[in-house]
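Only one structure is covered here, and it is reproduced in the block below.
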Amino acid sequence: QVQLVESGGGLVQAGGSLRLSCAASGRTFSSYPIGWFRQAPGKEREFVAAISSSGASTYYPDAVKGRFTISRENGKNTVYLQMNNLKPEDTAVYYCARKFRSGTYYIANSYDSWGQGTQVTVSS
């Protein structure tokens, strides 16, 4: 069982940066890919980024490619999401989760062990 806790959210002006952290408990953390999703009010949960278990491969949708960077430190059981050039449309609650199912990285059903989320608000 893996438990994930997100932190690092906050209020930032458009064009600013934030770094989110996803801290995990459990000895199997390094065995699994980890993903970040976000959910804005009234919208479905949206894929933001994912990283393979080793950190060698990363995945992003077009909406954040070139602005967001996912990384991980398995020795610290932590995954990071560096977000630069933030836009008001990035405002959402951001969640990290463990990818437990084989197949696509881009859908929420491939993940479990969701954290409680951290709020990111970008003002214009």
Side-chain angles (χ1 to χ4, degrees):
Q1 184 73 15
V2 173
Q3 292 185 325
L4 304 177
V5 178
E6 303 93 339
S7 63
L11 173 64
V12 64
Q13 288 188 332
S17 298
L18 284 174
R19 189 176 81 156
L20 306 185
S21 297
C22 172
S25 63
R27 292 177 293 175
T28 62
F29 172 79
S30 61
S31 300
Y32 293 93
I34 299 292
W36 284 96
F37 286 75
R38 66 187 180 188
Q39 189 165 20
K43 295 189 177 181
E44 292 189 356
R45 195 161 292 192
E46 176 188 21
F47 173 73
V48 173
I51 189 165
S52 62
S53 57
S54 68
S57 298
T58 57
Y59 307 84
Y60 305 95
D62 288 344
V64 308
K65 198 172 293 182
R67 299 190 298 123
F68 290 10
T69 302
I70 189 171
S71 61
R72 67 190 298 163
E73 290 189 72
N74 284 340
K76 294 184 177 181
N77 276 14
T78 303
V79 170
Y80 304 99
L81 184 68
Q82 177 67 42
M83 305 187 296
N84 298 328
N85 190 22
L86 283 161
K87 304 176 181 181
E89 52 264 41
D90 295 318
T91 295
V93 178
Y94 283 70
Y95 301 89
C96 62
R98 180 188 70 166
K99 185 178 184 296
F100 77 102
R101 195 193 303 272
S102 62
T104 178
Y105 279 77
Y106 296 86
I107 61 173
N109 282 348
S110 295
Y111 296 82
D112 69 356
S113 302
W114 295 85
Q116 84 289 347
T118 185
Q119 176 71 47
V120 171
T121 303
V122 184
S123 63
S124 58

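Only a predicted model underlies this, so the values are computations on that prediction, with no experimental measurement involved.
For the side-chain contact (heavy atoms from CB on, under 4.5 Å) criterion with Leu81, the lone passing option out of Thr69, Leu20, Leu18 is Leu20.
Residues satisfying the ring-ring contact (aromatic ring centres under 6.0 Å, His included) test with Phe100, not counting sequence neighbours, are none. Glu89 pairs by the salt bridge (charged side-chain N to carboxylate O under 4.0 Å, His left out) definition with nothing, not counting sequence neighbours.
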* Would you check, one step at a time, whether the test side chain to side chain contact (heavy atoms under 4.5 Å, CB included) holds for Ile34 with Lys99? => CA-CA 6 Å; Ile34 299 292; Lys99 185 178 184 296; over 6 Å; no
* Passes side chain to side chain contact (heavy atoms under 4.5 Å, CB included), Arg98 versus Phe29? Steps please. -> CA-CA 8 Å; Arg98 180 188 70 166; Phe29 172 79; over 6 Å; no
* To do: Evaluate side chain to side chain contact (heavy atoms under 4.5 Å, CB included) for Thr118 paired with Ser7, printing each intermediate quantity in order.
  => CA-CA 6 Å; Thr118 185; Ser7 63; 5.6 Å; no
* To do: Could you check Arg38 against Thr91 for side chain to side chain contact (heavy atoms under 4.5 Å, CB included), going step by step and ending with a plain yes or no?
  => CA-CA 9 Å; Arg38 66 187 180 188; Thr91 295; over 6 Å; no
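Criterion: ILVMFWY side-chain heavy atoms under 4.5 Å apart, direct or through other members. Under it, Val48 and Val122 are part of a common hydrophobic cluster. Trp114 and Phe47 fall within the same hydrophobic cluster, defined by Ile, Leu, Val, Met, Phe, Trp and Tyr side-chain heavy atoms under 4.5 Å apart, directly or through other members. Under a hydrophobic clustering in which Ile, Leu, Val, Met, Phe, Trp and Tyr are joined whenever their side-chain heavy atoms come within less than 4.5 Å, directly or via other members, Tyr80 and Phe68 fall into different clusters. Linking Ile, Leu, Val, Met, Phe, Trp and Tyr whenever their side-chain heavy atoms come within less than 4.5 Å leaves Leu4 and Tyr94 in two separate clusters. Residues Val79 and Tyr95 do not share a hydrophobic cluster, clusters being chains of Ile/Leu/Val/Met/Phe/Trp/Tyr side chains in contact below 4.5 Å.
To the nearest 0.5 Å, atom SG of residue Cys22 and atom CZ of residue Arg72 are 9.0 Å apart. In this structure, OG in Ser21 is found 10.0 Å from CD in Gln82, a value given to the nearest 0.5 Å. Between the OG atom of Ser57 and the CD1 atom of Ile70 there is a distance of 11.5 Å, given to the nearest 0.5 Å.
Ser124 and Ala14 make their closest contact through CA-CB, 4.4 Å (heavy atoms, listed as atom of the first residue, atom of the second, distance). Closest approach of Ala50 to Tyr111, counting heavy atoms only: CB-OH, 3.6 Å. Here the shortest heavy-atom pairing between Gln119 and Ala92 reads NE2-O, 3.4 Å. Across Val2 and Ala24, no two heavy atoms sit closer than the pair CG1-CB, 4.1 Å.
Remark: Arg45 fails to qualify as a cation-pi partner of Phe37 under the 6.0 Å distance and 45° angle criteria applied to the six-membered ring.
Between Asp90 and Lys87, no side-chain nitrogen of the basic residue sits less than 4.0 Å from a carboxylate oxygen of the acidic one, so the salt-bridge criterion is not met.
Listed by first and then second residue, the ring pair (Phe, Tyr, Trp, His ring centres under 6.0 Å) pairs that reach into residues 48-67 are Tyr59-Tyr105, sequence neighbours excluded.
Residues Tyr32 and Ser53 fail the side-chain proximity criterion, which asks for heavy atoms closer than 4.5 Å. Under the 4.5 Å side-chain criterion, counting only non-hydrogen atoms from C-beta, Met83 is not in contact with Arg67.
In terms of modelled atom types and a separation under 3.5 Å, the side chain of Glu6 and the main chain of Gln116 share a donor-acceptor contact.
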